[in-house]
Amino acid sequence: MTDMPESLKTLLEDFQFADRTERIDMLIEYADRFQEVPERIATRPFPEEHHVQKCESEAYVWAEDLPDGTLKFHFAVENPQGLSAKAWAVIMDETLSGQPLEAVAGVPCDSVFTVFGKDVSMGKGMGLMGITDLVTTFARQRLKARQGA
Amino acid sequence: MSDIAERGYAKPDVLVSTDWVAAHLNDPNIRIVESNEDQLLYPSGHIPGAVQVDWAADLNDPLRRDYLNRDGFEKLMSRIGATRDTDIVFYGDKSNWWATYAFWVFQLFGHTNAKVMDGGRLKWEKEGRPLTREVPTYPATTYVAADRDDTRIRIFRDEVLKKLGGSTRLVDVRSPQEYSGERTHMPEYPQEGVLRGGHIPGAKSVPWARAANPEDGTFKSAAELKAIYEEEQGLNPANDIIAYCRIGERSSHTWFVLSYLLGYPNVRNYDGSWTEWGNSVNVPVER
């Protein structure tokens, strides 16, 4: 976890010692802050390359380049009942947007289980990890493009 | 979707509509129970008066891979303020996938006063009906449960093995990718992982969600269900049928459809499912 952005590291520590009720309350607070991708970034129908594979909540991820070279992440969750996906999207945005790309690229997908606990079902866990996978993929793509430039 | 009574189900009384639930919110003999895959849904808003029964925290034994025992079930029913005469109405996310799982576990203890709200949470929400974050409490009851009956609607691996090659029909309700063996487990999440991919020899692939209408989560009509299970897959009510998935939850939905909506008398859920079969040594696997 040494390369992980400090913001995400702190959040994971908060969740690590939370009991089930505290965890759920915190996650609902995150989900309540969900804001869909702005129209200046994307409009429906959303392109397939932004679609999270294996996410039953029909989640999409975008990475917007910021002037300082970092990325601002945007999300859409098409399933109105996709509350966990919305909570995880807000966590990804609040802890990874604006962070060094190297650190974002190295975020492990299984952070999902620190936050949601081991009770999360296989299907949901795969979908949530898929969101992180796409976020880190966008960071790696930008890094690779810059190295090649 | 048409009225439940017009859909030709074998046991239509097992389903209630959202209208019916809305009219019974304050009925003391009704306990509305929400069961979801997503643990955030109930606390974020539920049908007024509904209690939550969580598949992981409430229905599973915390140590053994098994369901709660009679003592645990009695405590659960006491907590939700139910007696043996209380009508339990289940609803939940994912076209009632987890609601039918809870329904199935309740049937292991013989609580037959049980129904499912057609369309589940999705339909209730789409109709703009009220949701609340207020968690109700009910006076604790003394509930005397029957012993758990694992013979009638549940089946274990060794019995499934004995039935291979015979007249028993197996229904694999997982995704086509899981059935074919293309997908076996979730990376970095070994708890539900399996060492071998594929399906139990002879099993037919009928993904569970085909029984539901995706736009509102309601069950398809009996005619539509017969087209899937009977005309397409060749099942009939005289068959001895075993449904399975990964851990027995999706197959509860299919068990419910075959047992109640089509009225098949001999359907059992193999809850060991692929996480047991795909990890077992020297059992036959087909791809």
Side-chain angles (χ1 to χ4, degrees), chain A residues 1 15 18-34 52-59 77-91 107-133 136, chain B residues 34 36-46 52 54-60 62 91-95 97-98 101 120-126 128 131 133 135 174-175 177-178 183-194 208-209 214 216-217 245-250 273-275:
Chain A
M1 288 170 64
F15 274 95
D19 66 25
R20 181 184 165 86
T21 306
E22 292 168 337
R23 173 185 295 134
I24 287 172
D25 287 345
M26 287 194 287
L27 285 169
I28 288 174
E29 283 178 26
Y30 279 107
D32 284 344
R33 294 206 289 273
F34 180 78
V52 177
Q53 299 302 310
K54 297 176 183 172
C55 182
E56 293 172 356
S57 292
E58 291 293 305
V77 176
E78 296 291 73
N79 176 1
Q81 300 194 334
L83 219 58
S84 289
K86 288 179 181 173
W88 188 239
V90 173
I91 288 171
V107 168
C109 287
D110 64 357
S111 308
V112 163
F113 301 110
T114 308
V115 171
F116 285 85
K118 292 291 183 186
D119 286 343
V120 71
S121 70
M122 177 180 171
K124 189 155 296 298
M126 287 181 78
L128 296 172
M129 288 201 298
I131 292 174
T132 308
D133 187 47
T136 57
Chain B
E34 178 163 338
N36 299 317
E37 179 190 35
D38 193 329
Q39 56 188 339
L40 302 189
L41 282 174
Y42 176 85
S44 72
H46 48 265
Q52 178 174 224
D54 182 82
W55 66 278
D58 292 319
L59 299 180
N60 280 284
Y91 77 101
D93 62 351
K94 300 279 176 69
S95 303
W97 159 3
W98 301 85
Y101 184 46
R121 209 186 143 94
L122 177 63
K123 189 164 190 287
W124 183 273
E125 278 192 56
K126 276 195 161 183
L131 294 169
R133 290 189 175 184
V135 177
R174 299 173 299 161
S175 64
Q177 294 80 9
E178 290 169 285
R183 180 194 297 174
T184 56
H185 68 284
M186 181 165 55
E188 301 174 74
Y189 191 46
Q191 285 83 349
E192 291 184 16
V194 285
W208 71 277
D216 64 0
C245 56
R246 191 184 66 251
I247 57 170
E249 13 67 277
R250 284 173 286 183
S273 277
W274 197 254
T275 50

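Worth saying up front: this structure is predicted, and the values here are computed from it rather than measured. Throughout, a chain's letter reflects where its sequence line sits, starting with A, and its residues are numbered from 1.
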Asks: If we define contacts as heavy-atom pairs under 4.5 Å, which of Asn60(B), Leu41(B), Asn36(B) has the most with chain A?
Replies: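 Most pairs with chain A among the choices: Leu41(B).
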Asks: Which heavy atom of Asp38(B) sits nearest to which heavy atom of Gln81(A), and what is that distance?
Replies: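 Here Asp38(B) and Gln81(A) meet closest at OD2-O, 3.9 Å.
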Asks: Heavy-atom distance under 4.5 Å to chain A: side chain of Glu249(B), backbone, both or neither?
Replies: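 It is neither, since no heavy atom gets under 4.5 Å.
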Asks: Charged N to carboxylate O below 4.0 Å: is that the case for Lys124(A) and Asp93(B)?
Replies: no
Asks: Which answer fits Asp32(A), side chain, backbone, both or neither, if we ask what part of it has an atom under 4.5 Å from a heavy atom of chain B?
Replies: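 For Asp32(A), side-chain heavy atoms alone lie under 4.5 Å from chain B.
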Asks: Hey, could you give me the OG/CH2 distance between Ser121(A) and Trp98(B), rounded to the nearest 0.5 Å?
Replies: 5.0 Å
Asks: What heavy-atom pair brings Pro43(B) and Ile24(A) nearest, and what distance separates the two atoms?
Replies: CG-CG2, 3.3 Å
Asks: With chain A as the partner, which of Arg133(B), Glu125(B), Lys126(B) has the greatest number of non-hydrogen pairs under 4.5 Å?
Replies: Arg133(B)
Asks: Could you tell me the separation between the CG atom of Leu40(B) and the OH atom of Tyr30(A), rounded to the nearest 0.5 Å?
Replies: 13.0 Å
